[in-house]
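By convention in this document, chain letters (A, B, ...) are assigned in the order of the sequence lines, proteins followed by strands, and residues within each chain are numbered from 1.
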Amino acid sequence: MSQSDSDKGKQQGGGARAGEGRSAGRPATSGQSDKITARTEDFAAWYQDVIRQGDLAEAAEVVKGAMVIKPHGYAIWEKIQADLDRRFKETGHKNAYFPLLIPESFLRREAEHVEGFSPELAVVTIGGGKTLEEPYVIRPTSETIIGHFFARWIESWRDLPLLINQWANVVRWELRTRLFLRTTEFLWQEGHTAHATAEEARAETLRMLGVYADFAESVMAMPVIQGRKTQAEKFAGAVHSFAIEAMMQNGLALQAGTSHDLGQNFGKAFNVRFQNKDKELDYVWQTSWGVSTRLIGGLIMSHSDDQGLVLPPRLAPIHVVIVPIYRSDEERAAVLEQAQRLATDLRAQRLAGQALSVEVDDREGYKPGFKYFHWEQRGVPLRLELGPRDLAAGQAVCKRRDAAAKQTLPLAGLPERVLAELEAMQRELLDRARQRLREHTVLANSFEELAAILEPASAEQGGGKFVMVHLKDDAACDAKIKELKASVRCLPLVDAHDGPGKCIITGEPVAQRAVVAKAY
RNA sequence: CGGGGUGUAGCGCAGUCUGGUUAGCGCGCCUGCUUUGGGAGCAGGAUGUCGGAGGUUCGAAUCCUCUCACCCCGACCA
């Protein structure tokens with residue numbers, strides 16, 4: 001531990017190492033980027049390097065723990081938003097917007113909620129130069145203020161279910177931040193619904209969890225485990241919390257989305273009542289669910305490699321880049337003309353209903369090799385190289401971002417072939433991630449066995465594992481797991497293992513195994 | 001909040017211990033020419049409140065005092 005501490009300090013501080021390594025261009029034949037740390041060397045440094053070289057974001061160093069999402073990173077967020085928003089609309093939700101500032105007293109109405117969020121609140125105490133009578137908190141989440149308005153909007157069973165979603169920013173005063181994974185301010189969506197019965201609310205909670213899981217797998221190519229959080233890990237104010245858990249390339253877990261069954265907790269706190277068909281007044285049953293810009297962190301750590309970002313085609317802002325190669329002006333004119341024609345044909349193709357986004361990199365003064373690296377670092381799924389030799393032969397050279405080798409393809413029928421490659425890449429990224437998840441999931445039948453698997457060293461070397469253990473849902477058991485610097489990630493909704501067993505800590509019988517892992 | 005570290009050009013750093021020309025180096029950037037099938041070469045050029053304030057001194061990036069910010073490690077978290 002102390003060894004890695006001092007190494008970090010050196011790199012951060014007076015270390016000339018990083019600077020030297022990045023100065024002179026390495027021979028192009030080395031195949032290893034000189035600007036990106038290898039995953040096996042230092043996974044955290046690799047992650048930062050991929051973000052920098054991929055031009056996704058940077059730390060907003062003037063605001064503690066905040067980040068600037070740069071255009072390329074924001075374009076990915078926009079793709080995520082567009083797809084999720086469509087799914088929310090299809091499930092009957094409507095978008096709305098509630099205030100950023102929430103009266104402090106609102107937070108206090110729900111005891112668990114205020115206890116959970118107090119440590120990370122940013123509070124506004126002065127407005128217009130005057131001390132406010134009641135401070136406002138900057139929303140860490142919106143259950144309270146939405147509860148307040150739901151109480152005004154809901155009168156009868158005819159107003160239910162009420163299905164609302166909000167796209168917003170939130171602020172949580174985090175002590176330790178990492179780009180995308182945990183920042184003081186982040187972007188997310190928060191769904192908030194109100195229902196007439198507990199069963200309906202529970203069904204909604206699970207329905208939206210399923211929406212997240214399907215999105216993660218089919219669009220992000222990131223396999224997830226759907227599960228219930230332990231009572232110790234649940235959202236402050238929820239009856240039950242559910243999550244999708246993904247595994248990063250180093251074997252660490254990432255909670256990629258959450259869905260909460262709030263029961264009547266907020267209904268009671270904010271007096272959200274409705275008159276049912278029996279003319280009785282009852283509190284509504286609520287849910288809330290969210291995913292955030294953290295998904296981009298998960299995306300990076302799921303697929304990217306030592307050359308930089310790798311994007312699944314369905315989330316790539318640019319699907320195909322065409323790099324023209326030429327010497328003379330005559331060659332340039334001929335190659336560019338063919339490149340533009342090809343781009344036009346490619347744009348007529350549709351991937352998951354969306355027209356292909358194609359860019360011709362006709363910048364002058366950069367050699368082709370420079371452009372290859374440029375777009376590879378940004379994760380563009382497919383590159384086409386087009387030069388005089390190709391024109392003469394009626395072909396193009398094709399390089400898939402996730403493949404080692406180039407292939408030569410005839411121009412005739414190329415758009416269809418490109419589309420097929422993109423579809424294959426989307427599929428194969430998911431397959432590879434699934435295989436990784438499978439291979440790094442193991443069983444343990446005792447605390448000692450679990451501890452051995454989760455040994456600090458093995459996780460730091462990229463050997464993180466999901467360990468399936470029988471464990472009682474009890475705060476004391478969660479605490480015991482924390483001693484291993486790991487946590488109970490979830491109790492899977494689908495038990496893919498061997499059913500009931502005895503808790504490895506208490507020895508009591510439990511219904512199924514839980515996922516235990518080190519996590520972000 | 002505890003422990004550690006760093007603030008010098010857009011980025012990465014040297015210079016600080018031992019005060020003294022015009023504060024350097026690499027990358028990047030700008031201009032020109034030659035290049036262009038895997039990170040181009042040469043020539044020329046622009047860019048600094050040395051984190052801030054105060055002090056010591058003939059003289060401060062360098063010494064002293066105070067202060068601010070950020071980063072890393074831990075306890076908390078989408």
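- Between F235(A) and H240(A), a ring centre-to-centre spacing not shorter than 6.0 Å is recorded.
- Here the separation of U57(B) from G3(B), taken at their C1' atoms, is 37 Å to the nearest Å.
- The partner of C63(B) is G55(B), judged by Watson-Crick or G-U wobble contacts that both fall below 3.5 Å.
- If you take atom P in U31(B) and the same atom in C13(B), they sit 29 Å apart, rounded to whole Å.
- An OP1 or OP2 oxygen of G37(B) is reached within less than 4.0 angstrom by no side-chain nitrogen or oxygen of R389(A).
- Contact annotation: K485(A) reaches the phosphate of A75(B) (side-chain N/O to OP1 or OP2, under 4.0 Å).
- Summarising the base pairing, G44(B) is matched to C30(B) through a Watson-Crick or G-U wobble pair whose two defining distances lie under 3.5 Å.
- Salt bridge present: E245(A) and K229(A) bring a charged side-chain N and a carboxylate O closer than 4.0 Å.
- Annotation: C17(B) and G7(B) have their P atoms spaced 14 Å apart (nearest Å).
- Under the 3.5 Å distance criterion, with hydrogens and angles disregarded, no donor-acceptor pair is assigned to the side chains of R86(A) and Q81(A).
- Separation of the C1' atoms belonging to G4(B) and A43(B) is 47 Å when rounded to the nearest angstrom.
- Remark on RNA chain B: of its neighbouring residues P119(A) and P368(A), the 5'-side contact belongs to P368(A), judged by nearest-heavy-atom nucleotide.
- Ring-base stacking between F373(A) and G39(B) is satisfied, the centre separation being under 5.5 Å and the plane angle under 30°.
- Taking for each of A59(A) and I325(A) the nucleotide of RNA chain B with the nearest heavy atom, the 5'-most of the two is the partner of I325(A).
- Nucleic acid contact class of V291(A) (heavy atoms, under 4.0 Å, all strands): none.
- No N or O donor and acceptor, one from the side chain of R327(A) and one from the base of G37(B), sit under 3.5 Å apart.
- Taking the C1' atom of each, C50(B) and G45(B) are spaced 23 Å apart, rounded to whole Å.
- Ring orientation note: the planes of F186(A) and W188(A) are nearly perpendicular, at an angle over 60° on the 30°/60° scale.
- The CD1-P distance, from I36(A) to C27(B), rounds to 20 Å in whole Å.
- The aromatic ring of F186(A) stacks onto the base of A78(B), its centre lying under 5.5 Å from the centre of the six-membered base ring with the two planes under 30° apart.
- A salt bridge does not link R172(A) to E185(A): none of the charged nitrogens lies less than 4.0 Å from a carboxylate oxygen.
- The nucleotide whose nearest atom lies closest to any side-chain atom of E385(A) is, among G39(B), U36(B), G37(B), G37(B).
- Side chain of Q377(A), nearest nucleotide from U36(B), G39(B), A75(B): G39(B).
- Look at K367(A) and you won't find any side-chain N or O under 4.0 angstrom from OP1 or OP2 of U35(B).
- Contact of K399(A) with G38(B) (side chain to base): no donor-acceptor pair of N or O atoms is detected under 3.5 Å.
- Here G38(B) is the nucleotide among G39(B), G37(B), G38(B) with the atom lying nearest to any side-chain atom of E376(A).
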